[in-house]
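Data first, discussion second: the structure below is written as structure tokens.
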Amino acid sequence: MQDELRSRVIDEPGPEAPATVAGLDVAYSPDDTRLAAAVVVLNTADLSIADTAVVRGVPAFPYVPGLFAFREVPALMDALERLTVRPEVLICDGHGLAHPRRFGLAAHLGVLTDLPSFGVGKTRLVGDWEPVGEPRGARSALIDGGETIGAVLRTQSGVKPVFVSTGHRIGLDRACELTLRLAPRYRLPETTRAADRACRDLLS
DNA sequence: GCGACAG
DNA sequence: ATCTTGTCGC
């Protein structure tokens with residue numbers, strides 16, 4: 001299914017200066033029987049919240065590295081459908097093309113919604129990289145099988161870098177640029193932080 | 001057979 | 001992802 005859907009990924013520069021960006025995240029109950037999925041739309045200009053959609057659900061699939069999207073996509077699509085404001089870019093918690101078959105969660109959601117999308121992951125799934133420079137904004141190419149599949153980006157000096165990879169209808173440079181703009185103070189972009197809070201709140 | 005393995 | 005324990009820094 002991933003090999004099939006991958007053919008629908010579009011490689012283009014993407015929006016120059018999106019006015020709205022959405023963060024997506026999922027939280028689980030301790031026993032793994034329930035979950036909450038959130039999509040929070042932020043205004044890029046001041047990082048204020050433009051819209052929020054949160055839904056309760058159940059895991060649609062066990063956690064299997066490489067098949068992660070099948071676990072979270074159903075609930076995230078439910079949340080996306082409840083949005084009032086249509087975001088210009090989707091920023092997912094996980095990888096885009098930095099995946100064994102080049103079709104991680106961010107690419108999957110991008111194809112299903114046909115919205116520009118990319119992933120910001122906290123740890124690597126596949127790929128190797130050279131040490132990243134220390135200052136904020138430094139980046140190193142994430143390489144797998146001889147091709148660049150993403151970037152290891154330092155969003156804060158002296159803090160562990162994040163893994164940025166494109167999903168659909170956006171280029172890596174713009175994805176990194178946006179990630180930096182959305183992470184003025186913390187390691188993770190405000191989109192991810194806002195979504196993480198929203199779904200965690202609904203779960204508890 | 002052994003190590004790696006998004007969230 | 002979630003839980004636990006401990007340390008560092010503002």
Within the pair A/T123 and B/dC5, is there a side-chain N or O less than 4.0 Å away from OP1 or OP2?
no

What do you reckon, do A/Y63 and the base of B/dG7 stack, with centroid distance below 5.5 Å and planes below 30°?
yes

Please state whether the phosphate of B/dC5, meaning OP1 or OP2, lies under 4.0 angstrom from any side-chain nitrogen or oxygen of A/R124.
yes

Can you tell me how far P of B/dA6 sits from CG of A/L188, to the nearest Å?
16 Å

Is it true that atom CZ of A/R181 has more than 12 heavy atoms of other residues, nucleotides or ligands lying nearer than 6.0 Å?
yes

Under 4.0 Å between a side-chain N or O of A/K122 and OP1 or OP2 of B/dG7?
yes

Side-chain donor-acceptor pair under 3.5 Å between A/T192 and A/D93, yes or no?
no

Working note: A/R139 + A/D173, criterion salt bridge (Lys or Arg N to Asp or Glu O under 4.0 Å); need CA distance, chi angles, decisive distance, verdict.
CA-CA 11 Å; A/R139 59 185 270 193; A/D173 285 345; 3.1 Å; yes

Would you indicate what A/G66 reaches in the nucleic acid, counting non-hydrogen atoms under 4.0 angstrom: base, sugar-phosphate, or nothing?
base

Whole angstrom is fine here: how far is it from CZ in A/R185 over to C1' in C/dG9?
12 Å

When rounded to whole Å, the CG to C1' distance for the pair A/L125 and B/dA4 reads 10 Å

Identify which nucleotide among B/dG7, B/dC5, C/dT2 has an atom closest to any side-chain atom of A/P65, counting heavy atoms from C-beta outward.
B/dC5

What is the separation between atom OH on A/Y28 and atom P on C/dC3, rounded to the nearest whole Å?
14 Å

Could you tell me the separation between the CG atom of A/L24 and the P atom of B/dG7, rounded to a whole number of Å?
14 Å

Base, sugar-phosphate, or nothing: which does A/L203 touch, judged by heavy atoms less than 4.0 Å apart?
nothing

In whole angstrom, give the distance that lies between atom CZ of A/R34 and atom C1' of C/dA1.
14 Å

Rounded to the nearest angstrom, tell me the gap between atom CZ in A/F68 and atom P in B/dC5.
16 Å

Output the single nucleotide from B/dA6, C/dC3, B/dG7 whose closest atom is nearest the side chain of A/D25.
B/dG7

Under 4.0 Å, counting only non-hydrogen atoms across every strand here, what does A/G121 touch: a base, just sugar-phosphate, or nothing?
sugar-phosphate

Donor-acceptor pair between A/R187 and A/Q156 side chains, under 3.5 angstrom:
no

Cation-pi check for A/Y28 against A/R34: NZ or CZ below 6.0 Å from the six-membered ring centre and within 45 degrees of the axis, yes or no?
no

Students often get this wrong, so: under 4.0 angstrom with heavy atoms, is A/A98 touching a base, only sugar-phosphate, or nothing?
nothing

From CG of A/D144 over to P of B/dA6, roughly how many Å is that when rounded to an integer?
14 Å

Ranking B/dA6, B/dG7, C/dT2 by distance to the side chain of A/R71, first place goes to B/dG7

